[in-house]
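Before any comments, here is the structure.
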Amino acid sequence: MASGHRAQWKGFLKFSEVSCGVALYTAASTSERITFHTINRLTGNRVNRVFIDSETEDPVPKEAQTKGFEIENGRYIIVDPEEVAATIPESNKTLEIEAFIPCADVDDVYFDKPYYLTPDKMGGDAFAALRDGMKKSKVAAIARTVLFRRMRTVLIRPHGKGLIATTLNYDYEVRSSAKAFEELPKIQITGEMLDLAKHIISTKKGDFDPATFDDRYEAAVAELVKAKIEGKALPKRKEVKVSKPNDLLAALRESAGMMKASESKPKRTAANANAGTGRDKARRASGKSATAPAAQRKAS
């Protein structure tokens with residue numbers, strides 16, 4: 001990995017009797033987001049978090065804090081972090097592949113966090129053999145190991161010159177979709193309404209390109225901070241008009257008509273329409289990049 005990135009985990013990747021040294025690096029980070037502090041509205045000072053004993057109301061220092069499991073109202077069993085660590089299955093730092101499965105077999109609702117999986121200097125050949133073999137066979141791998149003090153199941157897939165290792169949620173952690181949708185009415189759309197919806201969808205088809213995604217929330221927050229610093233009027237929230245059942249067919253007809261009219265006009269590409277990341281837009285909205293930290297401090 002590039003300098004500046006620190007491995008989150010180092011160990012061994014094993015498949016059958018072959019093994020190689022590997023490292024996991026975080027694939028997604030929130031460190032670039034604009035952050036806020038909690039402020040006392042009356043004094044303008046930053047607020048510090050203090051843990052208070054629920055009975056004595058005395059502050060509890062960090063060294064006196066531990067974990068506890070509530071067995072009944074107000075009664076707890078004390079569980080020290082060292083005791084928890086002792087119950088975790090022994091790990092020899094090995095990410096052992098248990099099975100190879102078709103890539104489409106895992107429902108993405110089970111996906112937790114993605115990590116880049118890279119080889120160390122001595123395990124390049126074995127790593128490449130696994131990566132290329134999985135690409136040719138169009139399979140993913142299921143592996144298990146202890147990560148961050150917890151036994152985890154990991155889905156491993158080829159990705160460019162390396163592998164992507166995605167930790168998976170356990171079945172008990174994933175809520176049932178049947179329960180989530182049980183109160184939805186059974187509505188079957190047919191005829192003109194379905195045809196119009198299909199037409200609108202066909203005119204909006206595109207390709208998945210994360211480089212064209214812009215973080216509108218970050219840009220909006222930067223605009224808000226800039227406006228408050230300069231004493232300008234603050235933006236107002238726009239109301240969203242929800243289509244009523246009686247107006248839905250008319251709205252679909254109008255949308256389809258607009259789509260047909262726009263087909264005769266030259267279109268901007270998605271890359272041009274959304275050029276730059278949300279972070280870049282946030283910086284431009286806030287003025288020079290050097291002023292961004294000051295804007296955040298003043299906002300705090």
Side-chain angles (χ1 to χ4, degrees), residues 1 5-31 33 65-73 75-120 123 127 130-131 133-135 137-160 162-184 208 210:
M1 290 292 291
H5 288 77
R6 183 173 61 87
Q8 298 295 304
W9 179 91
K10 287 186 177 182
F12 299 91
L13 178 62
K14 182 178 180 182
F15 54 106
S16 190
E17 298 304 316
V18 181
S19 62
C20 61
V22 291
L24 285 177
Y25 294 85
T26 302
S29 173
T30 60
S31 62
R33 291 179 181 173
Q65 299 171 19
T66 189
K67 302 294 183 181
F69 179 82
E70 187 172 18
I71 54 176
E72 59 182 70
N73 190 24
R75 290 190 59 201
Y76 301 87
I77 292 178
I78 301 299
V79 181
D80 291 324
E82 292 76 13
E83 294 174 326
V84 175
T87 65
I88 294 176
E90 290 295 326
S91 170
N92 57 358
K93 284 286 189 178
T94 299
L95 192 58
E96 185 164 359
I97 293 177
E98 297 182 348
F100 294 99
I101 63 173
C103 291
D105 271 11
V106 181
D107 190 331
D108 56 10
V109 73
Y110 287 91
F111 288 7
D112 180 27
K113 294 181 180 180
Y115 296 88
Y116 294 125
L117 186 61
T118 66
D120 66 11
F127 183 93
L130 175 64
R131 177 200 63 204
M134 290 173 64
K135 281 183 180 179
S137 302
K138 297 182 179 179
V139 296
I142 292 290
R144 285 164 60 87
T145 192
V146 173
L147 291 175
F148 319 124
R149 293 190 172 186
R150 187 183 179 194
M151 179 62 76
R152 300 303 304 255
T153 302
V154 180
L155 179 71
I156 300 174
R157 293 167 292 167
H159 186 80
L163 298 169
I164 285 283
T166 304
T167 54
L168 299 179
N169 294 313
Y170 287 104
D171 193 50
Y172 72 86
E173 296 176 309
V174 176
R175 296 182 176 180
S176 168
S177 60
K179 290 184 178 180
F181 303 145
E182 63 183 355
E183 295 185 6
L184 291 180
F208 178 72

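No experiment lies behind these values; they were computed from the predicted model shown.
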Rounded distance [0.5 Å steps], [atom1] in [X] versus [atom2] in [Y]:
| X | Y | atom1 | atom2 | answer |
| --- | --- | --- | --- | --- |
| Ile142 | Glu98 | CD1 | CD | 8.5 Å |
| Ile156 | Leu130 | CD1 | CG | 7.5 Å |
| Glu173 | Leu168 | CD | CG | 10.0 Å |
| Glu96 | Phe12 | CD | CZ | 13.0 Å |
| Thr167 | Lys113 | OG1 | NZ | 7.0 Å |
| Arg157 | Leu117 | CZ | CG | 12.0 Å |

Flag the pair [X] / [Y] as yes when at least one side-chain heavy-atom distance between them is below 4.5 Å, and no otherwise.
| X | Y | value |
| --- | --- | --- |
| Ile164 | Tyr116 | yes |
| Leu13 | Leu163 | yes |
| Phe127 | Asp120 | no |
| Lys10 | Lys93 | no |

Original post:
Take atom CD in Glu17; do more than 12 heavy atoms of anything else shown fall under 6.0 Å from it?
Top reply: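 Check fails, neighbour count at 12 or below.
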
Original post:
Does the pair Trp9 and Thr145 meet the rule for a side chain to side chain contact (heavy atoms under 4.5 Å, CB included), with working shown?
Top reply: CA-CA 11 Å; Trp9 179 91; Thr145 192; 4.1 Å; yes

Original post:
For Arg152 and Asp112, what are the C-alpha separation, side-chain angles and deciding distance, and is it a side chain to side chain contact (heavy atoms under 4.5 Å, CB included)?
Top reply: CA-CA 10 Å; Arg152 300 303 304 255; Asp112 180 27; 2.9 Å; yes

**OP:** Check Val139 against Pro158 and note the closest heavy-atom contact, atom names and distance.
**Re:** O-CD, 3.9 Å

Subject >> Nearest heavy-atom neighbours spanning Ala140 and Cys103 >> reply: N-SG, 3.8 Å

Subject >> Stepwise side chain to side chain contact (heavy atoms under 4.5 Å, CB included) test for Thr166 and Tyr115 >> reply: CA-CA 6 Å; Thr166 304; Tyr115 296 88; over 6 Å; no

